[in-house]
Amino acid sequence: MNGPLEDIRVRPGTAALQRRTWRVLLVEHDRRHARAAERELARDQRLQTDVVPTASSARRALAEQDYDLVILDLLLPARAAWALLDSIR
């Protein structure tokens, strides 16, 4: 299998890593970058990716769904990424 998670080793008893599907939230305001990242993530069938363009839409998505991984564009306008990062840590 070729994909972004091919080198991850699963330890016994690590339930989140043993899931068949990983939920990924990609927060990227640039459509071209978002499409490229989404295509790359789609190569690994274990990943189910949601893409949102703003920090506010990411907050809504995080409130509605549990994610295993958040990929965050730190260059979102108005330093919104840093505020989002602070709120989800």
Side-chain angles (χ1 to χ4, degrees):
M1 172 182 295
N2 280 347
L5 299 180
E6 66 187 336
D7 293 328
I8 289 180
R9 305 292 184 252
V10 177
R11 292 179 292 159
T14 309
L17 295 177
Q18 292 175 348
R19 288 187 197 161
R20 180 174 175 84
T21 302
W22 290 37
R23 297 284 310 206
V24 178
L25 178 62
L26 172 62
V27 186
E28 171 59 70
H29 73 284
D30 183 286
R31 287 183 184 177
R32 186 176 50 123
H33 292 153
R35 281 192 305 267
E38 187 175 25
R39 273 194 310 271
E40 186 63 29
L41 291 167
R43 292 178 55 201
D44 190 322
Q45 294 178 350
R46 293 177 291 175
L47 303 179
Q48 182 177 354
T49 306
D50 295 329
V51 181
V52 295
T54 65
S56 60
S57 57
R59 281 189 189 87
R60 284 191 300 275
L62 289 164
E64 296 171 2
Q65 175 68 49
D66 289 329
Y67 289 94
D68 300 299
L69 175 67
V70 176
I71 301 173
L72 176 60
D73 172 11
L74 292 177
L75 298 178
L76 290 177
R79 297 187 49 85
W82 294 102
L84 176 62
L85 183 59
D86 284 340
S87 72
I88 62 176
R89 282 200 287 169

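- Taking Arg32 as the reference, Asp30, Arg35 meet the side chain to side chain contact (heavy atoms under 4.5 Å, CB included) condition, with sequence neighbours excluded.
- Distance check: Ile71 CD1 to Glu38 CD gives 11.0 Å after rounding to the nearest 0.5 Å.
- Evaluation of the side chain to side chain donor-acceptor pair (under 3.5 Å) rule for His29 yields Asp73 as partners, not counting sequence neighbours.
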Under 3.5 Å donor-acceptor pairs involving side-chain atoms of residues 49-64, not counting sequence neighbours:
residue	atom	partner	partner atom	Å
Asp50	OD2	Arg23	NH2	2.5
Asp50	OD2	Tyr67	OH	2.6
Thr54	OG1	Ser56	OG	3.2
Thr54	OG1	Ser57	N	3.0
Thr54	OG1	Ser57	OG	2.7
Ser57	OG	Thr54	N	3.2
Ser57	OG	Thr54	O	2.9

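- Under the 4.5 Å side-chain heavy-atom criterion for Ile, Leu, Val, Met, Phe, Trp and Tyr, Leu75 and Leu84 are members of distinct hydrophobic clusters.
- Among residues two or more places apart in sequence or in another chain, the side chain to side chain contact (heavy atoms under 4.5 Å, CB included) test is passed with Ala37 by Leu26.
- For the side-chain hydrogen bond (donor to acceptor under 3.5 Å, both in side chains) condition, no pair includes a residue of residues 75-84, sequence neighbours left out.
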